[in-house]
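Note: hydrogens, waters and symmetry copies are ignored here, and every other heavy atom, side chains too, is used. Note that the coordinates shown come from a computational prediction; the quantities given were computed from them, not determined experimentally.
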Amino acid sequence: MNSIELIILNLNEVRRRSIKVWRTIPEEKLSWKPDNGAMNCKEMVRHVLESEHYYHLALKNKGSLSVFNSPFENRPFTSVNSELEFAEPYRNQFINTIRSFSEEDLTNIKIDRSDAGYIRNLGDMLLRIAYHESVHTGQLLDYLRTAGVPRIRIWD
């Protein structure tokens with residue numbers, strides 16, 4: 001297995017586990033949040049899916065976007081499954097873009113996100129994208145615990 005395949009495996013495993021958590025959020029808890037400064041559950045699911053699309057475009061741009069027209073903006077959140085169906089074509093495009101990179105690209109392509117405080121090589125950036133989603137999955141597990149909702153076992 002080469003580095004590209006490992007990165008895709010990692011992204012897919014992170015997403016698989018995120019989906020396990022997302023699908024166990026009771027409908028009546030989708031708007032729950034621990035405090036007024038936090039995202040609620042559905043906002044966090046949307047944030048992860050929308051951010052992945054942004055990151056995909058930033059990879060193609062080799063840096064941050066000056067304008068981001070999100071296909072998620074102004075779209076009502078109806079259910080986790082609906083969000084996943086809507087995001088699927090964007091996810092497939094993202095994974096296909098990763099497949100198009102070579103091993104050398106992982107080191108040689110630089111992603112300039114100076115506005116966010118960093119410039120990283122492509123390989124580092126791809127791992128950061130997976131980490132971003134992982135952090136939010138952990139937050140949602142904490143939300144569920146705090147809200148008194150049983151949590152699914154993600155370590156299968």
Is there a side-chain contact between [X] and [Y] in this structure, where contact means two heavy atoms from C-beta onward sitting under 4.5 Å apart?
X	Y	answer
Ile111	Asp124	no
Leu59	Ile109	no
Tyr118	Arg128	yes
Asn121	Asn108	no
Trp22	Met44	no
Ile19	Val80	no
Glu133	Leu11	no
Leu127	Tyr131	no

Treat each ILVMFWY residue as a node, draw an edge where side-chain heavy atoms are under 4.5 Å apart, and state whether [X] and [Y] are in one component.
X	Y	value
Val21	Val45	yes
Val48	Leu126	no
Leu141	Val135	no
Tyr54	Val67	no

Taking [atom1] in [X] as the centre, count heavy atoms belonging to other residues, nucleotides or ligands within less than 6.0 Å. Is the count above 12?
X	atom1	answer
Phe68	CZ	yes
Asp35	CG	yes
Lys60	NZ	no
Arg145	CZ	no
Glu27	CD	no

Rounded to the nearest 0.5 Å, what separation is found between the [atom1] atom of [X] and the [atom2] atom of [Y]?
X	Y	atom1	atom2	answer
Leu57	Glu52	CG	CD	11.0 Å
Tyr55	Asn61	OH	CG	14.5 Å
Arg15	Ile95	CZ	CD1	8.0 Å
Ser79	Leu84	OG	CG	8.0 Å
Arg23	Asn81	CZ	CG	4.5 Å
Arg17	Ile152	CZ	CD1	11.5 Å

Just jot down the ring pair (Phe, Tyr, Trp, His ring centres under 6.0 Å) partners of Phe86, sequence neighbours excluded, or say none.
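Counting only residues at least two positions away or on another chain, Phe86 forms a ring pair (Phe, Tyr, Trp, His ring centres under 6.0 Å) with Phe72, Tyr90.
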Under the ring pair (Phe, Tyr, Trp, His ring centres under 6.0 Å) test, which residues partner His136, sequence neighbours left out?
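Ring pair (Phe, Tyr, Trp, His ring centres under 6.0 Å) check on His136 returns His47, His132.
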Please lay out, stage by stage, how Val149 and Ile25 fare under the test side-chain contact (heavy atoms from CB on, under 4.5 Å).
CA-CA 8 Å; Val149 176; Ile25 302 169; over 6 Å; no
Indicate the atoms forming the closest heavy-atom contact of [X] with [Y], along with that distance.
X	Y	result
Met125	Arg113	CE-CD, 3.9 Å
Ile119	Lys110	CG2-CB, 4.2 Å
Ile4	Ile98	CG2-O, 3.6 Å
Lys20	Ile154	NZ-CA, 4.4 Å
Ser100	Asp105	O-OD2, 4.5 Å

Any salt bridge linking [X] with [Y]? Criterion: basic side-chain nitrogen under 4.0 Å from a carboxylate oxygen.
X	Y	value
Glu13	Arg16	yes
Glu83	Lys42	no
Glu43	Lys33	no

[X] (side chain) donor-acceptor with [Y] (main chain) under 3.5 angstrom:
X	Y	value
Asn96	Asn92	yes
Glu103	Ser3	yes
Ser18	Val14	yes
Tyr143	Lys29	no

Could you give me the CA-CA distance, side-chain angles and deciding distance for Glu5 and Asn2, then say whether side-chain contact (heavy atoms from CB on, under 4.5 Å) is met?
CA-CA 5 Å; Glu5 292 166 338; Asn2 67 32; 3.4 Å; yes
Check the pair Asn12 / Arg91 against side-chain hydrogen bond (donor to acceptor under 3.5 Å, both in side chains), numbers first and verdict last.
CA-CA 10 Å; Asn12 286 338; Arg91 171 70 174 197; 3.1 Å; yes
Taking only residues at least two apart or on different chains, which pairs with a member in residues 95-115 satisfy ring pair (Phe, Tyr, Trp, His ring centres under 6.0 Å)?
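For residues 95-115: none.
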Compute whether any side-chain donor of one residue and acceptor of the other, for [X] and [Y], lie under 3.5 angstrom apart.
X	Y	answer
Asp115	Ser64	yes
Thr97	His56	yes
Arg46	Asn40	no
Asp112	Ser114	yes

Qualifying residue, where the test is side chain to side chain donor-acceptor pair (under 3.5 Å) with Ser70 and the options are Arg75, His53, Glu50
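Only match with Ser70 under side chain to side chain donor-acceptor pair (under 3.5 Å): Glu50.
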